[in-house]
Every structure is written in structure tokens, then in C-alpha cells.
Visitor: 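Pasting in a structure now, in C-alpha cells, and then I'll have a few things to ask.
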Amino acid sequence: QQHLSESGGGLVQPGGSLRLSCVASGSSLDYYAIGWFRQAPGKEREGVACISSHDGTISYADSVKGRSTISREKSENTVYLQMNSLKPEDTAVYYCATELFGSCSAPPASGNEYNFWGQGTQVTVSS
């Protein structure tokens, strides 16, 4: 059983930066695609970014493209989401999720194909 734990969220002013971490335990992330998702109050869950399991293909949602970077650190069994130039509309609970042997040819949509989920970390962008 894979356990995912997110951290790094918090309160930040518009224009600021945060780095979210997703640490996996129970199994290696090597064969998993990892996706980052977010859900704001009253809104549908939104796929933010993903990285594939096999070739490192990365994809971003248009809403964060150019402001965010997803990366995988295999030695730490961790995936990061660096977010810069944060906007109030980035406020949400951010989740990481994994899909065994998953691909990432497009930004993750609903995330229904992802098998394991973390508990989420709150990101609030406000002055």
C-alpha cells in the first residue's frame, strides 16, 4: 500500500512562491505517474501538473503553465511542485496522486485514473 504525504502549503502574498512536496512511503515512485491536483471551495477538482512514470514527460494545466515546475527526486521518493508568481485564484487544497505505469500526455483531468492520494495541503494566496 502506498502512502502519500503532502507538505509545503501555507499563506503567501500574491506574487510569492511555494514549493509543495509529496513524499511516498510503502513503495517506490519509480513506476508511477504523479499528478498534482487542487480543489478550491465550491469548485471541481482541477489537474495542475503531472509527470509520467516511464519517460519523464511533463504536462501543465494552462492555469499554471509558465509559473509552476513539477520535478521528481528519486533518491528521496519525492515529487515537488514549485509554484511562482502565485495569484489569489491559486488558493486551494493541493493534492498529489499516483497512477501505476501512468502516462502524462496531457494535464491530468479529473484524476479518476489515479490510484493513491495524499491528504492535501492548503495553499492560500492573499494580501
Side-chain angles (χ1 to χ4, degrees):
Q1 184 77 7
Q2 187 178 78
H3 179 73
L4 303 174
S5 180
E6 303 95 336
S7 62
L11 173 64
V12 63
Q13 292 187 341
S17 298
L18 284 174
R19 189 177 77 158
L20 306 185
S21 301
C22 173
V23 180
S25 58
S27 65
S28 170
L29 286 175
D30 285 0
Y31 301 106
Y32 288 83
I34 296 97
W36 281 98
F37 298 82
R38 66 186 182 186
Q39 189 164 22
K43 293 190 176 181
E44 298 278 324
R45 186 172 63 200
E46 174 191 14
V48 174
C50 60
I51 183 167
S52 73
S53 61
H54 48 286
D55 62 2
T57 300
I58 288 173
S59 188
Y60 298 97
D62 287 344
S63 57
V64 302
K65 193 176 295 182
R67 301 187 294 122
S68 298
T69 303
I70 186 172
S71 60
R72 182 199 296 258
E73 181 54 63
K74 291 189 175 184
S75 64
E76 298 173 357
N77 215 29
T78 299
V79 174
Y80 298 100
L81 182 67
Q82 175 71 42
M83 299 191 298
N84 302 320
S85 302
L86 284 161
K87 305 175 182 180
E89 51 263 44
D90 293 319
T91 295
V93 178
Y94 284 71
Y95 302 89
C96 63
T98 60
E99 179 192 7
L100 185 62
F101 303 127
S103 62
C104 180
S105 57
S110 63
N112 290 338
E113 65 273 30
Y114 285 74
N115 312 112
F116 299 102
W117 291 80
Q119 82 290 347
T121 185
Q122 175 71 46
V123 171
T124 303
V125 184
S126 175
S127 55

Visitor: CG of L4 to OG1 of T98: how many Å apart, nearest 0.5 Å?
Guide: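 One finds 5.0 Å between CG of L4 and OG1 of T98.
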Visitor: Where is the tightest heavy-atom contact between I34 and I70, given as atom of each residue plus distance?
Guide: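 Answer, listing the atom of I34 first, then I70: O-CD1, 4.0 Å.
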Visitor: Please examine the side chains of D90 and R38, heavy atoms only from C-beta on, and report whether any two atoms are closer than 4.5 Å.
Guide: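 They are in contact (side-chain heavy atoms under 4.5 Å apart), so the answer is yes.
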Visitor: With disulfide (SG to SG under 2.5 Å) as the rule and sequence neighbours excluded, what pairs involving residues 65-127 come up?
Guide: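 The answer is C22-C96, C50-C104.
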Visitor: What are the two closest heavy atoms between E46 and A61, and how far apart are they?
Guide: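 So the two residues come closest at OE2-CB, 4.4 Å.
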Visitor: If we ignore hydrogens and angles and just use 3.5 Å, is the side chain of S53 paired with the main-chain N or O of G102 as donor and acceptor?
Guide: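 Judged by distance alone, yes, a pair lies under 3.5 Å.
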Visitor: To check you understand the geometry: which heavy-atom pair defines the closest contact between L86 and R67, and what is its length?
Guide: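 Scanning both residues completely, I find the closest heavy atoms to be CA-NH1, 3.8 Å.
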Visitor: Could you name each residue pair satisfying ring-ring contact (aromatic ring centres under 6.0 Å, His included) that touches residues 85-116, not counting sequence neighbours?
Guide: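 Of all non-adjacent pairs touching residues 85-116, those that pass ring-ring contact (aromatic ring centres under 6.0 Å, His included) are F37-Y114.
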Visitor: Please walk me through it: do V64 and M83 pass side chain to side chain contact (heavy atoms under 4.5 Å, CB included)?
Guide: CA-CA 8 Å; V64 302; M83 299 191 298; 5.7 Å; no
Visitor: Determine, for D62 against K65, whether the closest basic-nitrogen to carboxylate-oxygen distance falls under 4.0 angstrom.
Guide: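 Yes.
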Visitor: Around atom CD of E89, are there more than 12 heavy atoms from other residues, nucleotides or ligands closer than 6.0 Å?
Guide: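 Atom CD in E89 is crowded, with more than 12 foreign heavy atoms closer than 6.0 Å.
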Visitor: Please step through side chain to side chain contact (heavy atoms under 4.5 Å, CB included) for the pair E76 and V23, ending with a clear verdict.
Guide: CA-CA 8 Å; E76 298 173 357; V23 180; over 6 Å; no
Visitor: Between H54 and S103, is the side chain to side chain contact (heavy atoms under 4.5 Å, CB included) condition met? List the steps.
Guide: CA-CA 7 Å; H54 48 286; S103 62; 4.1 Å; yes
Visitor: With no hydrogens and no angle check, is any side-chain donor or acceptor of R72 less than 3.5 Å from a backbone partner on S52?
Guide: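 A pair under 3.5 Å: yes.
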Visitor: Apply side chain to side chain contact (heavy atoms under 4.5 Å, CB included) to the pair E6 and W36, showing each step before the final yes or no.
Guide: CA-CA 10 Å; E6 303 95 336; W36 281 98; 4.0 Å; yes
Visitor: Name the residue from L81, L11, V123 that meets the side-chain contact (heavy atoms from CB on, under 4.5 Å) definition with L18.
Guide: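 So the option named by the test is V123.
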Visitor: Say whether, by atom type as modelled, one donor and one acceptor occur between the side chain of N77 and the main chain of L29 under 3.5 angstrom.
Guide: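 Indeed, once roles are kept as given, a pair shorter than 3.5 Å links the two residues.
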Visitor: If you round to the nearest 0.5 Å, how far is NE2 of H3 from OG of S27?
Guide: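 Rounded to the nearest 0.5 Å, the OG-NE2 separation comes to 11.5 Å.
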Visitor: I would like to know whether S75 and E73 meet side chain to side chain donor-acceptor pair (under 3.5 Å); could you show each step before the answer?
Guide: CA-CA 6 Å; S75 64; E73 181 54 63; 2.7 Å; yes
Visitor: Taking side chain as C-beta onward, heavy atoms only, is Y31 less than 4.5 Å from L100?
Guide: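 In contact.
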Visitor: Determine whether N112 and R45 make a side-chain contact, defined as any pair of heavy atoms from C-beta on separated by less than 4.5 Å.
Guide: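 Yes. Closest side-chain heavy atoms under 4.5 Å.
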Visitor: Please find the pair of heavy atoms, one from S17 and one from Q82, that lie closest to each other, and give the distance.
Guide: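 What the structure gives for the nearest pair is CB-NE2, 3.8 Å.
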Visitor: Could you tell me the separation between the CD1 atom of I58 and the OG atom of S68, rounded to the nearest 0.5 Å?
Guide: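 Between I58 CD1 and S68 OG, I get 11.5 Å after rounding to 0.5 Å.
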